[in-house]
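Working notes, beginning with the structure itself.
Computed over heavy atoms, backbone and side chain alike; hydrogens, waters and symmetry mates excluded.
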Amino acid sequence: MMIYLIGPGGAGKTTTAQLLASQLGWDCFDLDLYFMQTVGDISTYIDQFGYAYYAQKILSVT
């Protein structure tokens, strides 16, 4: 089972996901961190290709 937390930046999604995963004994994957490790800076990517391409790229990871 996967649970996706979505919302604006700085809303606490990562913190909430990490706490929930720890309580459930599940793994937690931060897609922003994965994106930065594999593609590069998110802001630069969005500036170059637009948010729609970023959203498409991040969804293709899952």
Side-chain angles (χ1 to χ4, degrees):
M1 174 188 296
M2 287 188 171
I3 298 174
Y4 297 90
L5 300 179
I6 57 173
K13 298 176 301 293
T14 299
T15 301
T16 301
Q18 290 170 342
L19 289 170
L20 181 61
S22 124
Q23 289 180 358
L24 295 173
W26 293 1
D27 293 325
C28 179
F29 299 98
D30 184 338
L31 292 180
D32 284 344
L33 179 60
Y34 179 79
F35 187 93
M36 290 184 289
Q37 291 173 338
T38 57
V39 178
D41 183 72
I42 294 171
S43 295
T44 302
Y45 188 89
I46 291 172
D47 287 345
Q48 277 187 295
F49 302 105
Y51 185 81
Y53 281 105
Y54 163 72
Q56 183 180 27
K57 182 86 169 171
I58 204 76
L59 287 176
S60 71
V61 170
T62 59

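Between Tyr54 and Asp32, the shortest heavy-atom contact is OH-OD1, 2.7 Å.
Distance check, rounded to the nearest 0.5 Å: CG of Asp30 to CE of Met36 gives 6.5 Å. The CD1 atom of Ile6 sits 12.0 Å away from atom CG of Leu31, with the distance rounded to the nearest 0.5 Å. Here the OG1-NZ distance, from Thr38 to Lys57, works out to 7.0 Å after rounding to the nearest 0.5 Å.
No continuous path of ILVMFWY side-chain contacts below 4.5 Å connects Phe29 to Val39, so the two sit in separate hydrophobic clusters.
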Please report, to 0.1 Å, the donor-acceptor pairs under 3.5 Å made by any side chain of residues 11-28, with sequence neighbours excluded.
| residue | atom | partner | partner atom | Å |
| --- | --- | --- | --- | --- |
| Lys13 | NZ | Gly7 | O | 3.1 |
| Lys13 | NZ | Pro8 | O | 2.8 |
| Thr16 | OG1 | Gly12 | O | 2.8 |

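The aromatic rings of Tyr53 and Phe49 sit perpendicular to each other, their planes meeting at more than 60°, with 30° as the lower class boundary.
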